[in-house]
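I have placed the structure first, in the form of structure tokens, so that the comments after it can refer back to it.
Residue numbers begin at 1 in each chain, while the letters A, B, ... track the order of the sequences.
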Amino acid sequence: MSEVLEKADAAEEEIRHLARVQGELWTDLPNDLYIPPDALEVILEAFEGPLDLLLWLIRRNSLNILDINMTALTRQYIDYVETMHRKRLELAAEYLVMAAMLIEIKSRMLLPRQEKVEEGEEHDPRAELVRRLLEYEQMKLAARGLGELPQAGRDFLTLSIHIPQLAARRLPHVAPDDLLAAWGAILKRASMTRHHRIGRQELSVREHMSRILKHLREAGRSVFSDLFDPGQGRSSLVVTFLALLELVRERLVDIVQNEPFAPIHAQLAVAAAHAEPA
Amino acid sequence: MQNPLDLDEMKRVLEAVLLSSGGALTLAELKRVFEVELGNDFLRRALEELKSDWRGRAVELVLVADGWRFQTRPDMQPYLDRLNPEKPPRYSRAVLETLAVIAYRQPVTRGDVEDIRGVAVNSQIVKTLEERGWIEVIGHKDVPGRPALFATTKQFLSDLNLRALSELPPLPEMARDLIPQEMLEEQPGAVGL
Amino acid sequence: MQNPLDLDEMKRVLEAVLLSSGGALTLAELKRVFEVELGNDFLRRALEELKSDWRGRAVELVLVADGWRFQTRPDMQPYLDRLNPEKPPRYSRAVLETLAVIAYRQPVTRGDVEDIRGVAVNSQIVKTLEERGWIEVIGHKDVPGRPALFATTKQFLSDLNLRALSELPPLPEMARDLIPQEMLEEQPGAVGL
């Protein structure tokens with residue numbers, strides 16, 4: 001209980017600090033009902049509703065929550081509500097409902113104690129109010145406790161260090177068979193009379209065509225025999241020769257020999273056109 | 001190379017995976033990291049060892065609701081705040097009270113929250129908590145209007161460094177011993193509340 | 001409390017800050033973390049020591065263009081991949097078909113690719129393949145407009161695990177059985193092309 005009260009005091013402390021009138025900290029809450037009019041709005045904003053206000057009134061007056069003096073409490077509460085009304089503050093409906101409930105309890109307590117519940121035990125009309133006040137106070141303190149728990153982002157951070165390879169590895173992977181499938185799709189879509197058949201031999205001719213073009217792009221022109229690498233074997237020589245013929249046929253490369261028995265040169269067709277306009 | 005996997009190598013891998021994951025990882029997720037099938041006990045032992053290896057550092061390995069994660073110790077926050085001066089928002093009392101009711105009384109409807117707090121619950125409050133990923137609708141109550149039932153999420157526990165709801169601070173004991181016995185018997189609901 | 005700051009405490013803080021920052025931090029940013037004014041030399045020494053403290057672990061402290069950061073070592077990738085088995089991105093059909101035409105028919109112009117595919121080739125497609133380092137311009141065709149001639153690169157072969165273009169899967173000889181023999185003899189060019 002003492003801990004509860006301590007926490008309640010702390011809550012009240014907070015309310016006090018919230019109350020500022022014309023810029024000045026208002027450190028003393030009223031013992032009686034006089035409230036500087038400008039402060040009322042500020043004070044009421046600090047309450048989370050009628051239960052909160054009631055709790056504060058009870059704790060403020062050191063009333064035992066279990067033995068509430070209904071007359072004093074109801075009068076104080078209703079005076080607050082009336083002041084709010086006079087100040088034309090926007091009054092939440094809940095405050096009026098609570099006022100009605102307090103008056104009802106008070107009037108029932110004035111009745112002779114003959115009211116019995118079925119089991120024959122006495123029923124205190126304040127019981128429901130007390131239950132609600134206790135429950136609310138409990139949640140209010142629990143909320144304070146939650147707010148004090150360490151919170152990710154506020155009191156500690158979780159970690160996420162850099163993973164350097166991710167970017168590179170996220171590049172799409174292509175398998176040779178994907179290319180085959182892509183080619184198949186082209187053919188299927190075309191469904192024309194055009195037929196392409198490319199075997200290994202043709203591919204290596206194509207590869208050498210690219211190789212020769214790259215070489216000529218860098219070198220400009222090349223002695224014909226330099227394009228061949230006897231170290232690669234006979235079939236490589238044949239394929240290189242076929243590639244050159246294909247390049248000439250596609251007019252990508254020119255083969256020139258200035259005079260009989262002079263060295264034969266290969267050069268890019270374009271380069272030739274530009275270098276020797278004649 | 002991974003087979004057999006020794007404890008040191010396993011800890012080395014776990015450390016890298018947990019430091020880079022950006023969130024908590026469950027045992028099941030951590031098991032998936034290894035090619036070989038690992039027993040839970042072996043894995044847990046490695047995690048516990050890793051945890052004590054980090055003792056005394058400014059970063060700690062913790063077990064929360066959604067698994068294991070590394071996080072900075074609270075005493076590092078002043079340093080981290082200087083690097084990143086924008087503070088996360090502090091929640092209003094209204095938000096915290098709504099959260100408390102949902103956390104301790106779940107599953108509850110908005111009407112339940114309003115009954116306990118004695119005021120209407122602003123829909124902005126619910127939205128704030130939903131956007132933070134701390135509460136979610138887990139069903140609808142079978143009464144007219146079928147109001148949504150709210151509960152807290154794993155994220156909520158994890159963000160508050162908790163493994164389970166039972167690790168929430170216990171509800172403050174209300175002045176129960178002072179309540180006249182008759183009253184308690186009359187309204188048994190009051191005890192549980 | 002921070003003053004005087006000893007090297008061990010400083011390393012402890014730096015470690016937490018760098019592990020939680022989510023990105024590289026410059027010396028200036030790291031200095032801001034501490035209340036006391038620190039010299040660059042002192043800070044660098046602490047970082048270098050921290051770096052060697054981490055030697056042998058699966059995470060390393062590195063200095064990159066935009067500052068210092070912790071990152072996982074490359075050998076952790078297989079473990080991390082198992083944790084996040086995100087489907088690797090795939091190239092669109094248009095990209096794959098363009099690549100297939102260039103691979104099987106090189107050297108070709110964009111016009112050639114368009115003729116074969118029957119649709120216009122978006123320049124973004126060519127750019128994608130060039131940026132990947134899989135195709136390059138190896139010359140220009142001597143026709144009006146001098147269109148670029150594309151061929152595949154060594155990188156392409158290496159990325160597809162091939163030693164030579166001739167190791168690409170042979171295309172189905174679908175035509176051969178269907179085309180009358182005379183036609184093949186009549187149009188020998190069609191074979192090579």
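- Interface check for chain A: of the options C:Pro107, C:Ala151, C:Ala16, the most heavy-atom pairs under 4.5 Å are formed by C:Pro107.
- A heavy-atom distance below 4.5 Å is found between the side chains of A:Ile186 and C:Arg117.
- Within the 3.5 Å criterion, the main-chain N or O of A:Ala262 finds a donor-acceptor partner in the side chain of A:Gln257.
- Interface residue C:Val101: backbone and side-chain heavy atoms are both found under 4.5 Å from chain A.
- Of the two parts of A:Leu213, the backbone and the side chain both hold a non-hydrogen atom closer than 4.5 Å to a non-hydrogen atom of chain C.
- Counting all heavy atoms, side chain and backbone alike, A:Ala182 lies closest to C:Glu97 at O-CG, 3.7 Å.
- With a 4.5 Å cut-off on non-hydrogen atoms, C:Thr152 touches chain A through its backbone but not through its side chain.
- From C:Tyr79, atom OH reaches atom CG of C:Leu83 across 13.0 Å, with rounding to the nearest 0.5 Å.
- Residue contact with chain A, scored on non-hydrogen atoms closer than 4.5 Å, is absent for C:Leu61.
- Looking at C:Ser92, there are no atoms closer than 4.5 Å to chain A (heavy atoms on both sides), in backbone or side chain.
- Checking side-chain atoms of C:Arg73 against main-chain N and O of C:Arg57 turns up a donor-acceptor pair under 3.5 Å.
- The residue from A:Ile212, A:Leu216, A:Leu247 that alone fulfils the side-chain contact (heavy atoms from CB on, under 4.5 Å) condition with A:Leu252 is A:Leu247.
- For A:Ser210, the parts sitting under 4.5 Å from any heavy atom of chain C are the backbone and the side chain alike.
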